[in-house]
2 protein chains.
Amino acid sequence: MSPLETDRVILGDCVEAMNALPANSVDVIFADPPYNLCLGGELHRPDNSRVDGVDDAWDRFDDRAAYDRFTHAWLTAARRVLKDTGTIWVIGSYHNIYRVGSALQDLDFWLLNDIVWRKSNPMPNFRGTRFTNAHETLLWCSKAKDARYTFNYDAMKALNDGTQMRSDWTLPLCTGQERLKTEGGDKLHPTQKPAGLLYRVILASSQPGDVILDPFFGTGTTGAVAKALGRHWLGIEQDQDYAKAATARIARIEAGTDPALLHNPGRKAEPRIPFGSLLERGLLKPGTVLFDAQRRHTARVRADGSLIAADVKGSIHQVGATLQGAPSCNGWTFWHFELKGAPVPLDVLRQKVRAELAERMN
Amino acid sequence: MSPLETDRVILGDCVEAMNALPANSVDVIFADPPYNLCLGGELHRPDNSRVDGVDDAWDRFDDRAAYDRFTHAWLTAARRVLKDTGTIWVIGSYHNIYRVGSALQDLDFWLLNDIVWRKSNPMPNFRGTRFTNAHETLLWCSKAKDARYTFNYDAMKALNDGTQMRSDWTLPLCTGQERLKTEGGDKLHPTQKPAGLLYRVILASSQPGDVILDPFFGTGTTGAVAKALGRHWLGIEQDQDYAKAATARIARIEAGTDPALLHNPGRKAEPRIPFGSLLERGLLKPGTVLFDAQRRHTARVRADGSLIAADVKGSIHQVGATLQGAPSCNGWTFWHFELKGAPVPLDVLRQKVRAELAERMN
DNA sequence: GCTCTTTTTGAATCGTTAC
DNA sequence: AGTAACGATTCAAAAAGAG
């Protein structure tokens, strides 16, 4: 077999293309396979605008068994081209990631971490039917339990302001200037991943000069970041338009650009403390009676963190404002509870939680 | 089969115990099954015979297959006792959650969300070989794709300070006073879950009076929180010491009883008011001119409670939708009428009627 | 050029009841 | 059973528009 020719896009099916590559030849694989979303009808926002869901042909499978066969096939091909010291990353959502995770384990990949990409700006759940689906999952595996692999611990620690990088990464979606557009101004690809995500993946698990393979190349984010970080890359993509756009995009990147220019650290976790968390933490119990400093008003705490007074229900702020006839009210300082016979403002509890959180959350 | 006897711990194997319960009898299942995949220690077949160390590959295969059989068995038993309108929660880490997730899907459970528990104080990775494993995953499933299920959207939104609860939950580990200890001062159970986690699970997915089953009861956190939140509980535990500690722990909890504190039914549950009843009650007169907030559209009220605009006749919703060219419209909030020179939404009148109805109930 | 407001949008398994 | 009507429902970020 000929030696590996890198820094190019291979047009075609990813299994066939990988099988045409030399075995044990790439250092890292990053894969963003179809999620098999199975979306039904249309979805509208409360303002009646239509949500542009993923309905592309490449995301449609006959059934779960067909998706499992597809997953097994491409992971098998990926395993062959991956060096014994290499690692593979796969990203997915709850629709597919449990199939992928099981398949990886069945193929004797060894799970090193599962990483949660916390989206700082996810799409809300418009109908109020579930929790806002605000994250995706990345699986990071070595080829075997006892395999040696690359993990740039110190680079990750530095990227995280001196404390160990955790398994949850807070990063925004790929939007704005970063998102590739058609000439008509629409998004070119329905699921373009943010460069910040690939930055962490590649920086964590490869060395300069390594080869990064992406079998579902799409708009080529993997190639763009790999090139900027001084790595070689190889993309496989079956859609000609995507392949063309990716090639052009990567050509515009300067190789080995100062990583600081690309550096896109996640936002710090906000120290916002919902009032409800005091209940979850057992610092306050449902039924606790709250009152203002002058003891002119009282209200009781409900299990969900709302307050109930004679005629009013709502947040600590809303109820405080309504009872006073004021336009607004800071419930944290307005409301007090009784502790050993003395009135204590709620804010004391918030400060307690903040102090605990500040200890190690990054 | 005898009716379900709740608020007790059943000592024994969870599959046998669940099979002895009536089918379709519990509202929510919370399960924290063993994760102990490949953590060393002895290997057992399902019949509890020990596996002799043979070839590595064979061992590994047998181990994972055994875990899969175990998972399949208890999930099958769980499915039988769960009501068709019930939901199941399973918590796990990357060691087992991909096996569990696949098994749930294979058994036709329908994944509603995967939830990430972000630990605010995780154990660091001491050897610097991986990312700090700072989260665990909860899977939340209904019994079938089209099953109705309980999700207390408004309670969750209230608990999160007025914005939708997301799929990532930041909560501390179970430590300090909360952690049950042996007489010697050691932790009683290796994986006691924080009450705050169960608080959110139970508040989100059940109603007061519902039955919560935990087939891996351990120290009884599920029962303790269920009781405090006015739910019934049922625990299955095979370790006598854990069962005893759990029973004692729950006995100390004060049961939540006040529905006003425990229940937030939300707006969706409010009684329906036909628009025509506003006319019957004389709150609105036939011929009243309605308009939207931007005064782009107008319509007149007819005696039968339908609207008439230039080209359109129909309900307040139909006419609003048609005039806007929208797929749907809430006529109650869309349409306004003039009162003392100011625009007032129809919804104000509906609230008035609802208040009167509530008054008469007392 | 600058600030403030409005609009747009993102891998979405997104309803319930009465007839 | 299927169909039609009712009417509930969104957050963050960035672009685009307005002044």
Side-chain angles (χ1 to χ4, degrees), chain A residues 32-56 58-61 64 67 91-97 117 119-137 170 172-179 181 185-187 189-194 216 218 267 270, chain B residues 105 110-114 141-142 144-149 151 153-154 157 160-167 266-276 305-306 314-318 320-321 326-335 346-347 350:
Chain A
D32 182 10
Y35 291 5
N36 189 24
L37 241 40
C38 310
L39 299 179
E42 298 210 320
L43 179 66
H44 293 89
R45 299 186 182 81
D47 66 2
N48 274 322
S49 60
R50 199 181 71 86
V51 175
D52 184 13
V54 177
D55 58 355
D56 305 66
W58 48 257
D59 195 49
R60 286 197 290 268
F61 293 82
R64 198 160 50 222
Y67 187 78
I91 185 168
S93 66
Y94 69 88
H95 308 85
N96 71 323
I97 202 68
W117 168 27
K119 300 177 183 181
S120 55
N121 52 346
M123 185 172 358
N125 181 294
F126 297 115
R127 306 298 292 267
T129 57
R130 304 175 177 195
F131 297 97
T132 306
N133 186 19
H135 74 276
E136 294 188 23
T137 301
T170 306
L173 297 170
C174 180
T175 60
Q177 299 293 338
E178 187 188 338
R179 189 96 194 213
K181 303 278 170 36
D186 299 319
K187 59 188 175 190
H189 191 282
T191 71
Q192 183 180 341
K193 295 292 175 287
F216 305 96
R267 298 187 333 157
E270 68 284 13
Chain B
Q105 292 178 313
W110 188 250
L111 215 25
L112 297 168
N113 278 114
D114 59 347
C141 302
S142 65
K145 178 176 180 176
D146 53 1
R148 257 186 308 171
Y149 58 92
F151 175 54
Y153 175 77
D154 294 285
K157 195 170 169 177
N160 196 38
D161 264 4
T163 57
Q164 295 187 332
M165 188 69 82
R166 300 169 34 123
S167 58
R267 280 181 68 189
K268 282 179 184 169
E270 293 193 86
R272 236 182 233 205
I273 309 295
F275 175 64
S306 63
S315 72
I316 53 172
H317 315 296
Q318 287 168 333
S328 69
C329 169
N330 183 342
W332 291 107
T333 51
F334 179 73
W335 292 111
L346 289 182
D347 208 36
R350 181 169 64 161

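Just so it is clear, the structure is predicted and the values come from calculations on it, not from any experiment. Convention: sequence-line order gives letters A, B, ...; per-chain numbering from 1.
With P as the reference atom, C/dT13 and D/dC6 are 29 Å apart, rounded to whole Å. When the P atom is compared between C/dC14 and D/dG7, the two are found 23 Å apart, to the nearest whole Å. Comparing the C1' positions of D/dA15 and C/dA11 gives a spacing of 22 Å, expressed to the nearest Å. For the P atoms, the distance from C/dT17 to D/dT9 is 14 Å, rounded to whole Å.
With sequence neighbours excluded, no residue satisfies ring-ring contact (aromatic ring centres under 6.0 Å, His included) with B/F334. In terms of the side chain to side chain donor-acceptor pair (under 3.5 Å) criterion, A/N133 has no residue partners (sequence neighbours excluded). Partners of B/R272 under the side chain to side chain donor-acceptor pair (under 3.5 Å) rule, at least two apart in sequence or in another chain, do not exist in this structure. With sequence neighbours left out, A/F126 forms a ring-ring contact (aromatic ring centres under 6.0 Å, His included) with no residue at all. For the ring-ring contact (aromatic ring centres under 6.0 Å, His included) test, no residue two or more places apart in sequence or in another chain qualifies with B/Y153. Residues forming a side chain to side chain donor-acceptor pair (under 3.5 Å) with A/D47 (at least two apart in sequence, or on another chain): A/S49. For A/T137, the side chain to side chain donor-acceptor pair (under 3.5 Å) criterion is met by no residue, not counting sequence neighbours. A search for ring-ring contact (aromatic ring centres under 6.0 Å, His included) contacts involving A/Y94 returns nothing, not counting sequence neighbours. With sequence neighbours left out, the salt bridge (Lys or Arg N to Asp or Glu O under 4.0 Å) criterion links A/D32 to A/K193.
Taking only distance into account, the side chain of B/R350 never meets the base of D/dG7 through a donor-acceptor pair shorter than 3.5 Å.
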(message) Strictly under 4.0 angstrom, non-hydrogen atoms only: write out the protein contact profile of nucleotides 1-7 of chain C, one letter per nucleotide from the 5' end, B, S or -.
(response) -------

(message) One character per nucleotide, please: for nucleotides 11-19 of chain C, 5' to 3', B when the base has a protein heavy atom closer than 4.0 Å, S when only the sugar-phosphate does, - otherwise.
(response) BBBBS-S--

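Atom CG of B/D347 is separated from atom C1' of D/dC6 by 14 Å (rounded to the nearest Å). Residue B/Q164 contributes atom CD, which lies 10 Å from atom P of D/dA12 at whole-angstrom precision. If you measure from atom CD of B/E270 to atom C1' of D/dT9, you get 14 Å, rounded to the nearest angstrom. In this structure, the CH2 atom of B/W335 is 15 Å from the C1' atom of D/dG7, given to the nearest Å. Summarising the geometry, the separation between CD on A/Q177 and C1' on C/dT9 is reported as 15 Å, rounded to the nearest angstrom. Atom C1' of nucleotide D/dA13 and atom CD of A/E178 are separated by 13 Å, given to the nearest angstrom. Rounded to a whole Å, the CG atom of A/N121 is 10 Å from the C1' atom of C/dT9. Distance A/R45 CZ to C/dG10 P: 7 Å, rounded to the nearest Å.
For D/dC6, neither phosphate oxygen OP1 nor OP2 lies less than 4.0 angstrom from any side-chain nitrogen or oxygen of B/H317. Residue B/S328 has no polar side-chain atom (N or O) positioned under 4.0 Å from OP1 or OP2 of D/dC6.
Side-chain atoms of A/Q192 do not come within 3.5 Å of backbone N or O of A/C174 as any donor-acceptor pair. With hydrogens and angles ignored, the 3.5 Å screen pairs a side-chain donor or acceptor of A/R64 with a backbone N or O of B/Q105.
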(request) Tell me, with the steps shown, if B/K157 and B/D154 meet salt bridge (charged side-chain N to carboxylate O under 4.0 Å, His left out). (result) CA-CA 5 Å; B/K157 195 170 169 177; B/D154 294 285; over 6 Å; no

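With its glycosidic angle more than 90° from 0, C/dT16 adopts the anti conformation.
The aromatic rings of A/W58 and A/H189 lie parallel to each other, with less than 30° between the two planes, well short of the 60° mark.
The residue among B/R166 and B/I273 whose nearest nucleotide of DNA chain D is located toward the 5' end is B/I273.
If you check every strand for non-hydrogen atoms under 4.0 Å, A/P122 touches a base.
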(message) For DNA chain D, please output the secondary structure as dot-bracket, reading 5' to 3'. Pairs are Watson-Crick or G-U wobble, both atom distances under 3.5 Å; mark crossing pairs with [ ], other-strand partners with |, unpaired with a dot.
(response) .|||||....|||||||||

